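Taking it in order: structure first as structure tokens, then the write-up.
Quick caveat, the model's predicted, so the values are computed rather than measured.
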2 protein chains.
Amino acid sequence: MESSEDRLRQITSRLRENNHKLTPQRLAIARVIAESRDHPDIETIYNRIKPGFPRISLATVYRNVMVVKSLGEAMEIGIPGSGVRYEGNRLDPHPHAVCERCKKIVDLEPESMTGFLESVQQATGFKIMTHRVDFFGLCRACRQDDKPS
Amino acid sequence: MESSEDRLRQITSRLRENNHKLTPQRLAIARVIAESRDHPDIETIYNRIKPGFPRISLATVYRNVMVVKSLGEAMEIGIPGSGVRYEGNRLDPHPHAVCERCKKIVDLEPESMTGFLESVQQATGFKIMTHRVDFFGLCRACRQDDKPS
DNA sequence: ATACCTGCAAAGTATTTGCACGAAA
DNA sequence: TTTCGTGCAAATACTTTGCAGGTAT
């Protein structure tokens with residue numbers, strides 16, 4: 001597994017590459033994104049940063065999470081019923097097990113798609129009630145619109 | 001595949017079983033949920049109903065979709081960046097292919113999880129960029145909290 | 001010096017709720 | 001008749017935006 005420090009470095013390089021200034025607030029937000037393993041939502045990120053930046057604004061957190069996300073360095077995880085959460089400690093698509101009660105999100109390895117449900121239950125101790133599998137990309141029509149050379 | 005009429009009957013029985021009155025508005029909303037194959041959002045459901053019920057309120061649509069969902073007769077599909085959408089024409093968990101540009105959502109059969117990405121691209125014509133796989137259930141801790149005799 | 005960022009407050013969206021009236025059972 | 005549902009408007013919650021001053025480069 002990649003270390004949080006490596007992830008942070010990767011995110012900050014990407015920010016620099018794209019001419020985003022490395023303000024202390026932005027750096028702190030990047031650090032939380034790189035380090036958190038619990039898929040925090042915006043408010044949680046905000047709360048983790050507040051101790052070091054008592055005057056930071058929620059808007060700044062929204063803005064910077066958006067920047068990091070738009071650089072492809074964080075993923076958005078939408079949980080129905082729960083809110084929008086973010087994952088930035090790893091970037092490979094992988095399954096999650098979501099507790100419908102406490103909203104805990106556990107990462108799974110992509111390989112577990114093979115043995116599927118059974119192995120998911122074994123690996124997590126969850127009683128899986130349902131699952132959601134979404135693929136994201138471009139449909140044929142949209143792909144062709146893209147190349148109107 | 002189950003017919004829309006069957007789905008509608010199933011939804012209305014469930015409503016009756018649970019002592020929900022069958023108002024014309026509620027029935028219309030149930031019908032849209034049962035018939036739609038395109039994973040509509042609230043506003044789309046609303047627009048489909050308005051011709052027959054010009055004075056219907058968006059609040060009524062929200063309330064009734066929530067009722068149907070809470071009875072387990074519709075599923076919520078959260079698309080990051082897009083909004084919350086609903087699927088009620090079938091109830092089995094299954095993969096979706098989501099176009100990141102036009103937001104079209106195409107249903108896939110659960111079996112396609114086996115051959116996975118490759119077959120998804122073949123089946124949909126999508127160029128798949130990423131995917132999301134979530135399992136929902138109860139973690140061990142929450143399950144035990146549930147049975148405090 | 002310049003362009004970009006931040007905090008604050010206001011403005012948007014999306015969704016939910018209180019209430020008085022109306023309709024299903 | 002009684003209970004529940006509806007439409008409307010107001011209230012919430014969440015997220016985005018305009019702006020004036022501040023900061024990274």
Side-chain angles (χ1 to χ4, degrees), chain A residues 11-33 39-71 74 76-86 103, chain B residues 11-33 39-71 73-86 103:
Chain A
I11 295 173
T12 54
S13 329
R14 187 71 64 123
L15 285 167
R16 264 189 290 262
E17 282 169 22
N18 289 75
N19 304 316
H20 292 288
K21 291 180 179 169
L22 285 188
T23 65
Q25 295 93 326
R26 179 166 286 162
L27 193 56
I29 292 165
R31 171 169 285 114
V32 172
I33 291 173
H39 317 82
D41 60 12
I42 291 286
E43 185 120 23
T44 303
I45 297 173
Y46 173 69
N47 287 327
R48 285 181 186 164
I49 287 167
K50 235 187 335 195
F53 298 83
R55 312 191 56 80
I56 198 172
S57 133
L58 207 41
T60 296
V61 179
Y62 273 107
R63 278 187 284 234
N64 281 301
V65 170
M66 173 135 52
V67 167
V68 174
K69 180 165 82 92
S70 70
L71 293 175
E76 192 178 308
I77 304 176
I79 303 302
S82 186
V84 177
R85 295 167 65 166
Y86 294 91
K103 311 301 180 192
Chain B
I11 295 174
T12 54
S13 330
R14 187 71 63 120
L15 285 167
R16 265 189 289 263
E17 284 169 22
N18 290 76
N19 304 315
H20 293 286
K21 292 177 179 170
L22 284 188
T23 64
Q25 294 94 328
R26 179 166 286 162
L27 193 56
I29 292 165
R31 171 169 287 116
V32 172
I33 290 174
H39 317 83
D41 61 12
I42 291 286
E43 183 119 21
T44 302
I45 297 172
Y46 173 70
N47 287 328
R48 284 179 189 167
I49 287 167
K50 234 185 339 191
F53 298 83
R55 313 191 56 82
I56 198 171
S57 133
L58 207 41
T60 296
V61 179
Y62 273 106
R63 278 187 286 236
N64 281 303
V65 171
M66 173 136 49
V67 167
V68 173
K69 180 166 82 94
S70 71
L71 294 175
E73 294 293 331
M75 291 181 295
E76 193 178 308
I77 303 176
I79 302 303
S82 186
V84 177
R85 296 168 64 166
Y86 295 90
K103 311 300 180 194

Review point. Heavy atoms under 4.0 Å, any strand shown: does B:R26 hit a base, just sugar-phosphate, or nothing?
Key: sugar-phosphate

Revision key, fill the gap. When rounded to whole Å, the CE to C1' distance for the pair A:M66 and C:dC5 reads 14 Å

Point to revise | Positive for side-chain contact (heavy atoms from CB on, under 4.5 Å) with B:Y86, one of B:V32, B:I33, B:I42, B:V68 | key: B:I42

Review point. Atom CD1 of B:I56 to atom P of D:dG7: distance rounded to whole Å?
Key: 5 Å

Study note, to complete from the structure: Judged by nearest nucleotide, the residue sitting upstream toward the 5' end of DNA chain C, B:R63 or B:P24, is B:R63

**Study point:** Heavy-atom pair of closest approach, residues B:A28 and B:F53
**Key:** CB-CE1, 3.6 Å

Check your understanding: Where the side chain of B:K21 is defined as all heavy atoms beyond and including C-beta, which of C:dA24, D:dT6, C:dT6 is the nearest nucleotide?
Key -> C:dA24

Review point. Going by atom types only, do B:T44 and B:D41 share a side-chain donor-acceptor pair under 3.5 Å?
Key: yes

Exercise for review: Find the distance between CG (A:L71) and NE2 (A:H20) and round it off to the nearest 0.5 Å.
Suggested key: 4.5 Å

Exercise for review: Compare side-chain N and O positions of B:T23 against OP1 and OP2 of D:dT6 and report whether any pair is under 4.0 Å apart.
Suggested key: yes

Point to revise | A:R55 side chain near C:dC8 phosphate (N/O to OP1/OP2, under 4.0 Å) | key: yes

**Study point:** Whole angstrom value for the distance that separates C1' of D:dT25 from NE2 of A:H20
**Key:** 15 Å

Check your understanding: What is the distance, rounded to the nearest whole Å, between atom NZ of B:K50 and atom P of D:dC8?
Key -> 11 Å

Practice item. Determine the contact category for B:I42: base if any of its heavy atoms lies under 4.0 Å from a base atom, sugar-phosphate if only primed atoms, P, OP1 or OP2 are that close, otherwise nothing. Key: nothing

Review point. Does B:A59 or A:A59 map to a spot on DNA chain C nearer the 5' end, using the closest nucleotide for each?
Key: A:A59

Practice item. Let me know the distance between CG of B:L15 and C1' of C:dA24, rounded to the nearest Å. Key: 13 Å

Review point. Over how many whole Å does the gap from B:N64 atom CG to C:dT15 atom P extend?
Key: 15 Å

Check your understanding: What is the distance, rounded to the nearest whole Å, between atom CD1 of B:I49 and atom C1' of D:dT6?
Key -> 13 Å

Check your understanding: Given that A:V84 and B:T60 both sit by DNA chain D, which one's nearest nucleotide is further toward the 5' end?
Key -> B:T60

Practice item. Whole angstrom is fine here: how far is it from OH in B:Y62 over to C1' in D:dT6? Key: 17 Å

Exercise for review: State whether B:Q25 places a side-chain N or O below 4.0 Å from either non-bridging phosphate oxygen (OP1 or OP2) of C:dA23.
Suggested key: no

Review point. Within the structure shown, what part of the strands sits under 4.0 Å from B:N19 by heavy-atom distance: base, sugar-phosphate, or nothing?
Key: nothing

Point to revise | Value rounded to 0.5 Å, distance of CD1 in B:I49 from CD1 in B:I29 | key: 4.5 Å

